[in-house]
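FYI, side chains are in, hydrogens and waters are out, and symmetry mates aren't considered; it's all heavy atoms of this structure. Each chain gets a letter, A, B and so on, in the order its sequence line appears, and its residues count up from 1.
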Amino acid sequence: MNAAHPAIALEEAIVAFGTRHLSFDCRIDAGGITAVLGPSGSGKSTLLNLIAGFETPDRGHVTLMGQRMDDVAPSRRPVSVIFQDNNLFAHLDVTTNIGLGIDPGLKLSADDRARIGQALARVGLADYEKRRPPSLSGGERQRVALARALVQTRPILLLDEPFAALDPALRAGMSALIGELQAERQMTVLLVTHHPEDVRRLADDVLFLEEGRILLHAPREAFLQRRDLPAVAAFLRD
Amino acid sequence: MRRGLVPGLLTLAFLVSFVGLALVALLSADTGMPSPSGAFGGRFDVTVWRSLRFTLLQAGLSTLLSVLLALPVAHALARRPHFLGRLWLVRLMALPLGLPALVAALGLLGIWGRQGVVNHALAALGLSEPISIYGLSGILIAHVFFNMPLAARLFLSGLERIPGEHWRIAANLGMGSLSLWRLVEWPVLRGLLPGVAGLIFMLCATSFTLVLTLGGGPAATTLEVAIYQALRFDFDPVRAMALSALQIGVTLGLLLALRLAAPAPEEATTLGRASRRFDGKSLAPRMIDVVILGLAAVFVAAPLAAVAASGLAARPLRLLSEPAFQQALATSLAIAAASALICVALSTCLVTARLSALSMRRRSLPARLIAGASDGAGSLVLLVPPVVLGAGWFLLLRGFGAIGHFAPIIVILINALMALPFATRILSPAIATHHARTGRLAESLGLAGWNRLRRIDLPCLARPLLMALSFAAALSLGDLGAVALFGSQDLVTLPYLLFSRLGSYRIQDADALALLLGLVCLALTMAGTPGRGHRAEREGRPI
């Protein structure tokens, strides 16, 4: 990949919630899976919101794929997002939900429809086009959301605890799928999770947050060896 | 985010100026108008004070009676969570709220009036002195008819929120009904009491139609009816102003007292999950509950039955071919549709703006204004009751000559404002949930403007929007307050037609009209009341 600039760069990006200040400074290289870890309230979601554009920094900058994102709307950023739930509109069928990723006005060509079919097949849901989300299982819904991210063809994929609502067997299948897709498409993936298992299974790098700061940014193996930081030790014991 | 604020600010500006202009017209001391009741000093004459005293007296007594009678009804309903027809009894208790006051008044006349069922029964028993429904007693009966069921439902929902464990522990400890009342039930009811009583006092202190139809003469006239009479019959703007000032003073005092003393009562929809009770199994309490519930059911159902019976006897369908009725129906429907749309639009703007203001980390001045003021907007509407608002605009527009030109617009706007607090109560939680679920998703997909409205917002919010529309339309259809001031030969709504038919003693017509109007309003109110529609909750939301 392009080594000239990192996929994601936050330069002293500061967000204030009342008297609490969260401050992020990091560079994430293109084409790997970075697990974002940390206790509740440590700022994981805020970090993702800053990158996705749901939150703007009070000071500092967010740069994605070499472009400053100062006033760029969420939909214009090179980013796809998958949340823990509420990823699909229940009143729209699967095709329409995915189609929104191609054009929010839903003007879809035959070509676009073919791409939707391919994306569905890729996540293991061929023939699900006309199904509505309420008739799908939790795991199937997350796969549809993943298919939408595929048709969006954006270089960065943000996953905000995408397995949290799934049972262990589904978690394994879903995380394997994410690993494969990342390898195929060379996306830069940020994955917020609470599970050490996900780190061992998927992550190339780890961002560990504590109290609104990045406590540690390290490759997976180095992270798994750390025992000197109490917060990290507590996380790995779980 | 920021875009959501602009419609909200415009809505707020509109509300403040619409109400504010009326207030300025009413409260400006320098009137310069000739007045039969004399100059400035004569503003607050004896009749004005008498109206104030009667307003407070009837509201106080109505509240007292409604609450006192509602307590045993709610207690009996809560103690009998399972019996045949209980659900229908609870639904019956919800009916009066959806009934136009004028229709209810007609039904009450059929039961309690001089020619009514009760007086016939008394005469048959050899009592020569009939009960008179006109005056204080009639107003009290009518207010109890409307508010006892309301209070009973609020109390019942409080009692049903008592955790099931409490009843099991109480049974385990062997508590009798007296200890249960003292230790379990009364503490809950006592907590609800200030809110419920305050709400009912407010409703009764601003009730217009019932007092207009059932009040008798100057001795039984409230401030609002006196305002109407001052403007429509005596043409005495100065007195109308004095009365309006007092009315606003009363509602302001009430609103402040309510805000300080009593949280607004809420009716949770827990009627399906009534807890299991272990008390009241022996014969005596059973009999007591049967008698209480039977009396309550008859009291509420009888006037409704009277409306239905006399309406059917008057062959209501023949009205459909009558030009006067067709004209009034068309006018009413047009006004109701317009005011419902305006009301829901205003409410949506306010709610959306408030949500975006609250979601901002750093709130600008307009955002802070919106966040605080949207709540106050509802109170602003309550502060100035429809008749007072109408009086203000009546006086303002009088300067421009033709009140008739503006009358429909003013009636539409006043009706829209009246329904605003109700529409907001329906829409606010629905829109908040909708935004929480779809906000970021829609933003990340670039869904905005027309696309978002058409594909996401309208389908997901269709149900609450329709509910709010239908509730607002029902209020407007049944309203006599605004149209009483502005009605004329050119502006006749169904309630106005009904009122004038009553006034000219065309009772047959009135009965038939009342039945039709009552049915339409009840149907709309039912459609506008949240039920246990969990299925709808599952539809149209992202998962």
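- Dense packing is recorded around CD of A:E180, with more than 12 heavy atoms of other residues, nucleotides or ligands lying under 6.0 Å away.
- At a threshold of 4.5 Å between non-hydrogen side-chain atoms, the residues A:P104 and B:L447 count as touching.
- When every heavy atom of B:C460 is checked against every heavy atom of A:H91, the shortest pair comes out as SG-CE1, 3.4 Å.
- Taking A:A73, A:G138, A:A16 one by one and counting their heavy-atom pairs under 4.5 Å with chain B, the maximum is reached by A:A16.
- Heavy atoms of B:R455 lying under 4.5 Å from chain A belong to its backbone as well as its side chain.
- No side-chain heavy atom of B:P459 sits under 4.5 Å from any side-chain heavy atom of A:F89.
- Here the CG-CG distance, from A:D103 to B:L445, works out to 11.0 Å after rounding to the nearest 0.5 Å.
- Of the two parts of A:V15, the backbone and the side chain both hold a non-hydrogen atom closer than 4.5 Å to a non-hydrogen atom of chain B.
- No more than 12 heavy-atom neighbours from other residues, nucleotides or ligands sit within 6.0 angstrom of CG on A:D71.
- With a 4.5 Å cut-off on side-chain heavy atoms, B:R437 and A:D85 do not count as touching.
- No more than 12 heavy atoms of other residues, nucleotides or ligands sit less than 6.0 Å from atom CZ of A:R59.
- Looking only at heavy-atom pairs under 4.5 Å with chain B, the residue among A:R132, A:R77, A:E55 that has the most is A:E55.
- The part of A:L92 that comes within reach of chain B is its side chain, from C-beta onward, which places non-hydrogen atoms under 4.5 angstrom from that chain.
- B:R440 and A:N49 share a donor-acceptor pair across their side chains, judged by distance under 3.5 Å alone.
- Annotation: side chain of B:T438 is not in contact with side chain of A:N86 (no heavy-atom distance under 4.5 Å).
- Within the 4.5 angstrom heavy-atom criterion, no atom of A:R76 approaches chain B.
- Within the model, atoms CZ of A:R148 and CG of B:L441 stand 5.0 Å from one another, a figure rounded to the nearest 0.5 Å.
- Counting heavy atoms from C-beta outward, A:S75 and B:E443 have side chains that stay 4.5 Å or more apart.
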